[in-house]
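Have a look at the structure below before the remarks.
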Amino acid sequence: MHNTIRVNNDVTYIGASDRRIALFENAYPVGNGMSYNSYLVTDKKTVLLDTCDSTVEKQFLENLENALAGKALDHIIINHMEPDHSASLKAVLEKYPSATVIGTMQVSKIVQQFTGIDITDRFNTVKEGDTLNTGSHTFRFITAPMVHWPEVMMTYDETDKALYSADAFGRFGALSGNIFDDEASLWNGHLSSARRYYANIVGKYGIQVQAVLKKAAALDIKMICPLHGPILRENLAYYIDKYDKWSSYTPEDNSVIIAYGSVYGGTENAADILAAKLSEKGVKNIRIYDVSKTHYSKIVAEAFRAKALVFAAPTIDGGLFTEMETVLNEIKNKNLANRTVAFIENGTWGPLAAKSMAAYFEGLKNINILPEKCTVRSTVSEANLKELDKIADAVAACL
Ligand SMILES: Cc1cc2nc3c(=O)[nH]c(=O)nc-3n(C[C@H](O)[C@H](O)[C@H](O)COP(=O)(O)O)c2cc1C
Ligand SMILES: [Fe+2]
Ligand SMILES: [Fe+2]
């Protein structure tokens, strides 16, 4: 049975949530599921903005049919061709053969690659600033290349002052009837889901996000309709400021995170001692994460939040503890910048972990690697306490 939700007079939410999913993109744990948003604008002409993931296709198609209420589907705007939004496109193209497809140049090729359908005879390529009038709505297209796929664009409805933002401003988590951020107090303040989504999915493309934010700044935006998570229509400045910080790799908080890996507890002990010393020096909101226990996507998000990052790991086979490698590899991939970084290493016969960890930061911009480091040999020694004290002083001084 259809389950549509009215956004306003002309716009209907026709997306759906998957609460069975454990790992979004088979990588990111989503304890609260995932929503795949799709919107139908009913004007003189009807406009579908993006489709849905295959897991919710049945619900989505029922919703679309119901929202159309017997009208023809005239246009399909594809802001993003990634299968979590386009898997259901094949079914829509087949069910509504007279609908035209609108997207950036790359879209028709990617449609062909994913669906096998040649849409060239029904495809309208749009460029930056092109518009589509459907009666009382005028849609303006804003290209957003590599945010985070090449074909991405955003669509601004000049009538509703609504920005259909593709994956930008999206979040992990299913929706629960309340599709607006301001309707569900649970969402409010639950910034961590938005941050983890941004850092891991879009985080590498800060330069491209900055370029789109500059274009968006020229628009009068009253509502942001992303492809995941709730619609934003209050506190827009707050969310846009967060996106500005994340995409410019500006720390949100003057705080420190300590991420450690440990087999026997020696490195963990050093991490705890450092945290205690930082606390004694007045540092607040210290967070410690065990890289074996906390999913890397959460630590990557925390690295986008905090200003100072301490990594502590044992040497394993002359290299690095594997889970720490995963965390640092992801941080490197995201082009994180503008951080103070310190290392604690451990090794019983030939500690090399700090060198291995430092290598991940080569080429990243404005990373201040503290010369103070701590080298533990199996368990924390008196000499290590002094080293940790020096790290704590240096970290506290940078905050
Ligand atoms: C599989 C394995 C490989 C290791 N390889 C090295 C090594 O190459 N060099 C070294 O100095 N220590 C090596 N070690 C020892 C650990 O680095 C050392 O025991 C360290 O104290 C462990 O820290 P933890 O107490 O935090 O687990 C290895 C330990 C394990 C379990
Ligand atoms: Fe995407
Ligand atoms: Fe997505």
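Atoms within a ligand are numbered from 1 in the order they appear, just like the ligands themselves.
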D241 vs K245, test: salt bridge (charged side-chain N to carboxylate O under 4.0 Å, His left out). Steps then yes/no.
CA-CA 6 Å; D241 174 64; K245 287 217 167 70; 3.1 Å; yes
Stepwise salt bridge (charged side-chain N to carboxylate O under 4.0 Å, His left out) check, E302 with K298
CA-CA 6 Å; E302 284 290 87; K298 183 166 183 184; over 6 Å; no
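The shortest distance between side-chain heavy atoms of Y205 and W149 does not fall below 4.5 Å.
Classified by interplanar angle (parallel below 30°, tilted 30° to 60°, perpendicular above 60°), the ring pair H80/H148 is perpendicular.
A distance of 6.0 Å or more separates the ring centres of Y156 and Y164. For Y249 and F304, the gap between ring centers is short of 6.0 Å.
At a heavy-atom cutoff of 4.0 Å, ligand 1 is surrounded by S262, V263, Y264, G265, G266, T267, P314, T315, I316, D317, G318, N346, G347, T348, W349, G350, P351, S378.
Counting only protein N, O or S atoms, the number found under 2.8 Å from the Fe ion (ligand 3) is 4.
Cation-pi check for R6 over Y13 is not met; the charged atom does not lie both under 6.0 angstrom from the ring centroid and within 45 degrees of its normal.
Within the structure, the salt bridge (Lys or Arg N to Asp or Glu O under 4.0 Å) test picks out the following pairs touching residues 250-266 (sequence neighbours left out): R195-E252, K242-E252, D253-R305.
For D317, there are no side chain to side chain donor-acceptor pair (under 3.5 Å) partners two or more places apart in sequence or in a different chain.
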